[in-house]
There are 2 protein chains.
Amino acid sequence: MNESQLRKGVLDLAVLSILARGESYGYELTQDLMAAGFDQLGDATIYGTLRRMEQAGWVTSRLVPSSDGPARKYHSLTRAGRASLSDGMERWTELVASLAALMEERR
Amino acid sequence: MNESQLRKGVLDLAVLSILARGESYGYELTQDLMAAGFDQLGDATIYGTLRRMEQAGWVTSRLVPSSDGPARKYHSLTRAGRASLSDGMERWTELVASLAALMEERR
DNA sequence: CACAGGTACCTTTCATAGCACGGTACCACC
DNA sequence: GGTGGTACCGTGCTATGAAAGGTACCTGTG
């Protein structure tokens, strides 16, 4: 059970949560997530996640040129993305509760 | 983000937690887990998990014939399995905290 | 000017885990 | 003898996190 397996699926929730605070771009998201405790997070993981989310209609993106570096691709939540976040948070909470119950009973 | 993705990695923790209460077998584990809130859990998932755990040295198994049904394969935690559970619980707690922080800040 | 380093994005490829599906086999009961 | 519950297993599919590599922009510094 390596760390990466634990992260599976949870990462979507983390990204959606950050985007719910306002638009962001891949590089910044990676930094934010690592600062939030998601260690050893490769940037390719985030870019893949964002691409999937855009295909699913959860986020939209716009390319914004920058004068002091490469262009940034800003992503914002759509209505569907917000719905998915609510839904995911609910199931996440249930999962946490289920596991907490199991771990509590252990001796 | 389907339910099964959320479960990735988490299932190991759930199985280890149950086994920490005492030995059990695949079929019973499946029942217990579904009762605990892990809906739509296929039995193949559990058998695969147990097989991986045995290969990893986290559990041992013994086949016990039954007079009122097929033989059962009982699994118990090894010392390494117990260590893995402790470790996993710690990282799980951290992950839950990280995500809680992210979800809280959302508007 | 060359080049290192930070920023920012992307693609290809791989390993893994959950799951659907199908199969085997034992036992009890009607 | 057929149905239903118990109990196990193998094969193939799919999604996803991650490694590895590549491109390109800009700001220093030598």
When you measure from the side chain of B:S61 to the backbone N and O of B:K73, does any donor-acceptor pair fall under 3.5 Å? no

How close do B:P65 and B:A71 get, counting heavy atoms only, and between which atoms? CA-CB, 3.9 Å

Might you point out which heavy atoms bring A:L102 and B:A36 nearest each other, and give the distance in Å? CD2-CB, 4.1 Å

Among pairs that include at least one residue of residues 28-37 of chain A, which meet side chain to side chain donor-acceptor pair (under 3.5 Å), considering only residues two or more places apart or in two chains? A:S24-A:E28

Holding to ring-ring contact (aromatic ring centres under 6.0 Å, His included), I want the full list of residues that pass it with B:F38, two or more places apart in sequence or in another chain. none

Any sub-3.5 Å donor-acceptor pair from A:S84's side-chain atoms to A:A80's backbone N or O? no

Applying side chain to side chain contact (heavy atoms under 4.5 Å, CB included), can you list everything that pairs with B:Y74, at least two apart in sequence or on another chain? B:E23, B:Y25, B:R62, B:V64, B:R72

Would you sort out whether B:D12 and B:W58 count as a side-chain contact (heavy atoms from CB on, under 4.5 Å), showing the intermediate values? CA-CA 11 Å; B:D12 279 14; B:W58 297 352; 4.0 Å; yes

Can you measure A:L11 atom CG to D:dA18 atom C1' for me and round it to whole angstrom units? 11 Å

Under 4.0 Å protein heavy-atom contacts per nucleotide of nucleotides 24-29 of chain C, with B for base, S for backbone only and - for none: -BBS--

Tell me the interatomic distance from A:Q55, atom CD, to C:dT11, atom C1', rounded to whole angstroms. 14 Å

D:dA7 OP1/OP2 closer than 4.0 Å to side-chain N/O of B:R72: yes

Does B:K73 have a side-chain nitrogen or oxygen under 4.0 Å from the phosphate oxygens OP1 or OP2 of D:dC9? yes

Counting only non-hydrogen atoms, which of residues 23-34 of chain B are less than 4.0 Å from DNA chain D? B:Y25, B:G26, B:Y27

Rounded to whole angstrom units, what separation is found between the CZ atom of B:R62 and the P atom of D:dC8? 13 Å

Working to the nearest 0.5 Å, report the span between CD1 of B:I18 and CG of B:L13. 11.0 Å

Interface with DNA chain C, restricted to residues 44-52 of chain B and to heavy atoms under 4.0 Å: B:A44, B:T45, B:T49, B:R52

When you match B:L63 and A:L41 each to their closest nucleotide on DNA chain D, which lands nearer the 5' end? B:L63

Between the CE atom in B:M89 and the OG atom in B:S17, the distance rounded to the nearest 0.5 Å is 6.0 Å

Whole angstroms only, please: what is the CZ-P distance between A:R7 and C:dT16? 16 Å

Between atom CG in A:D12 and atom P in D:dA18, what is the gap in whole Å? 12 Å

When the distance from CG of A:D39 to C1' of D:dA19 is rounded to whole Å, what number comes out? 17 Å

Got more than 12 heavy atoms from elsewhere within 6.0 Å of CD, A:Q40? no

How many Å lie between CG on B:D43 and C1' on D:dG10, as a whole number? 12 Å

